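Down below is the structure, laid out as structure tokens.
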Amino acid sequence: MIILVINSGSSSLKYQVRDTETGERLAEGTVERIGDSTHGGPIDHQEALDRVTDDVEQALQGKAIDAVGHRVVHGGERFSEPVLVDNEITRSIERLSPLAPLHNPANVQGIRAITTRWPDMPQVAVFDTAFHRTLPEQAWRYAVPDELYTRFGIRRYGFHGTSIGYVTHHAASLLGLAPSEFTGIIAHLGNGASITAVQAGASIDTSMGFTPLEGLVMGTRSGDIDPSILLFLSREGYSAEDLDQLLNRESGLLGLTGQNDMRSVVESAAGGDARAELALDLASYRLAKYIGGYHVAVGGAQALVFTAGIGENSWQFRERVVGRLGALNLHLDDAENRKKSSAPRQISTEDSAFPVLVVPTDEEAAIAEATAVVVGR
Ligand code: ADP
């Protein structure tokens with residue numbers, strides 16, 4: 001099938017056209033500055049989509065799109081798998097907006113723009129939270145009064161699920177296992193970063209929580225901090241918006257070094273920059289602690305898997321992380337770790353307690369495949 005994959009954000013719309021039989025990427029692009037028509041941006045998602053479809057129709061040269069798959073950030077407690085979109089589903093995604101105020105409304109706008117343009121086009125919503133619907137309550141509950149959960153839905157949801165599901169599948173296949181036989185730890189390290197404990201193919205714990213802010217040190221997000229810091233700052237006059245900006249956009253690698261891109265941080269550290277060195281120490285130390293914890297959570301991992309921009313490409317960062325895992329008896333093969341490759345691969349030595357793998361993620365492929373499955377039912 002030919003699937004148009006849409007990742008609709010508040011001010012941008014990313015798309016890819018994938019052939020699910022061959023895996024081929026037939027077209028891709030990004031429309032930016034939605035709502036900023038003074039700078040040449042489209043006035044809204046509808047106009048953004050018009051630009052996309054013009055490009056796509058040219059690239060497809062007469063071939064037709066069979067279905068559209070949408071990346072939807074928040075599926076709340078309702079959605080544990082991809083679903084065919086209808087009006088009721090769209091409204092349900094919209095009702096989840098308080099949990100993802102920047103993302104879900106944009107996802108809904110993307111869905112409605114497609115409906116307007118092609119009323120009969122099958123559309124599938126693929127949720128970033130869905131893979132984590134298997135979390136046991138001990139992992140998803142916060143130790144706060146019940147009312148926060150029942151009234152506001154405050155609990156751990158977890159994100160990056162589409163990627164983790166895809167990587168679980170491919171890591172299992174590299175080890176010669178069915179996905180349901182895979183027990184391991186998957187570190188998705190991109191601009192946003194999270195780590196997931198997978199037991200028998202299912203997510204049993206994950207570091208992102210109620211929002212994508214919790215957990216690891218990220219490009220611009222702090223990850224775990226003492227919540228009292230927020231109370232302290234709010235008493236000092238910081239508003240909710242200030243704190244949101246501070247912890248989501250000005251912290252993490254950026255806050256520690258002035259740079260949010262891992263490549264720059266690694267280069268600066270190699271050049272002797274003490275702040276960059278500290279940031280790498282902090283990020284790798286925190287990640288190593290999570291790996292130790294999740295090894296216990298899954299009852300002994302069969303593999304540690306690195307994926308996404310940093311996980312796939314930064315041998316330096318992988319070296320720092322695995323270098324801290326001596327207590328687990330994990331050892332990298334230096335040559336394999338440094339090798340550039342886009343193939344799923346093992347980077348540990350044979351005497352490592354369990355294999356360390358690099359498995360490239362491909363969220364668009366995962367969304368296209370899921371869409372084809374739902375539409376084909
Ligand atoms: P997103 O979360 O935006 O999808 P990506 O998965 O693309 O992010 O990851 C972006 C991160 O990957 C950036 O910090 C970038 O520096 C890092 N990265 C990409 N390529 C390399 C590389 N060759 N070496 C080190 N880091 C890399």
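Counting convention: from 1, in listed order, for ligands and their atoms alike. The model shown is predicted, which means the values in this text are computed figures rather than measured ones. All residue numbers refer to positions in the sequence shown, counting from 1.
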Given a heavy-atom cut-off of 4.0 Å, could you list the residues near ligand 1 in chain and number order?
Gly190, Asn191, Gly192, Asp261, Met262, Arg263, Ala308, Gly309, Ile310, Asn313, Ser314
Report the residue from Glu214, His132, Glu137 that forms a side chain to side chain donor-acceptor pair (under 3.5 Å) with Arg156.
Glu214
Starting from Leu60 and following side-chain heavy-atom contacts under 4.5 Å between hydrophobic residues (I, L, V, M, F, W, Y), which residues can be reached?
Ile2, Leu4, Ile6, Leu13, Tyr15, Val17, Leu26, Val31, Ile34, Leu49, Val52, Val56, Ile65, Val68, Ile114, Trp118, Met121
For the side chain of Ser352 and the backbone of Ser348, is there at least one donor-acceptor N/O pair under 3.5 Å apart?
no
Taking side chain as C-beta onward, heavy atoms only, is Glu94 less than 4.5 Å from Pro105?
no
Please name all residues satisfying salt bridge (Lys or Arg N to Asp or Glu O under 4.0 Å) with Asp146, sequence neighbours left out, ordered by chain then number.
Arg141
Partners meeting side chain to side chain contact (heavy atoms under 4.5 Å, CB included) with Asn337 (sequence neighbours left out)
Trp315, Arg318, Glu319, Leu332, Ile347
